[in-house]
Asks: 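First the structure, then my questions, so here it is.
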Amino acid sequence: MQLGRVVGCVWSSVKNVGLTGQRLLIVQPVKADLTLTGRAIICTDCTGAGSGELIYWVRGKEATFPFTDAEVPSDATVVGIVDELNLGKPRAEDGN
């Protein structure tokens, strides 16, 4: 799994039949310290992630696993929304 940030979405009136009804998001891969890495990619979405959210995504055969009832031709899929990222650094206390 890799971290990324949703930076947009794709609208398409003509696409593969297997993608009918699937959301397509533009995801910018990021490192654990949230610095950008690589080029933005298009991912299918099974989570309902929105623009600006930190997510994790998978690539390859695993990208089709969340869509067990459908045959979705996807090479990259958003599989989770990150609520909190802990890098083991102490937090600065509010107001101190």
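This chain uses plain numbering: 1 for the first residue, then up along the sequence. Everything quoted here is computed from the prediction, not taken from an experiment.
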Asks: What distance separates N16 CG from Q22 CD, expressed to the nearest 0.5 Å?
Replies: 10.5 Å

Asks: Can you tell me how far the SG atom of C9 sits from the CG atom of L24, to the nearest 0.5 Å?
Replies: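 So the gap between those two atoms works out to 9.0 Å.
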
Asks: According to a hydrophobic-cluster definition based on side-chain heavy atoms being under 4.5 Å apart (Ile, Leu, Val, Met, Phe, Trp, Tyr only), do V79 and V82 belong together?
Replies: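 Yes; V82 is reachable from V79 via cluster members.
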
Asks: Let me confirm one number: the CG-CG distance from L54 to D83, rounded to the nearest 0.5 Å.
Replies: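 Those atoms lie 9.5 Å apart.
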
Asks: State, yes or no, whether a side-chain contact exists between T64 and V72 at a heavy-atom distance under 4.5 Å.
Replies: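 Side chain of T64 against side chain of V72, heavy atoms only: no contact under 4.5 Å found.
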
Asks: Who clusters with V27? Use side-chain heavy atoms, under 4.5 angstrom, across I, L, V, M, F, W and Y, and order the result by chain and number.
Replies: V6, L25, I41, I55, W57, V78, I81

Asks: Is the number of heavy atoms from other residues, nucleotides or ligands within 6.0 Å of NZ (K31) greater than 12?
Replies: no

Asks: Determine which pairs satisfy side-chain hydrogen bond (donor to acceptor under 3.5 Å, both in side chains) with at least one residue from residues 35-54, sequence neighbours left out, and list them in order.
Replies: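 The answer is R23-D45, D33-T35, T44-S74, T44-T77, D45-T47.
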
Asks: Report yes or no: do V17 and I42 belong to one cluster of Ile/Leu/Val/Met/Phe/Trp/Tyr joined by side chain heavy-atom distances under 4.5 Å?
Replies: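 No: no chain of side-chain contacts under 4.5 Å links V17 to I42.
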
Asks: Under the 3.5 angstrom rule, does the side chain of R59 hit a backbone N or O of A76 as a donor-acceptor pair?
Replies: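 No; judged by distance alone, with no hydrogens or angles, the pair does not exist.
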
Asks: Any side-chain heavy-atom pair from Q2 and V58 closer than 4.5 angstrom?
Replies: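 A side-chain contact is absent here, since even the closest heavy-atom pair is not under 4.5 Å.
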
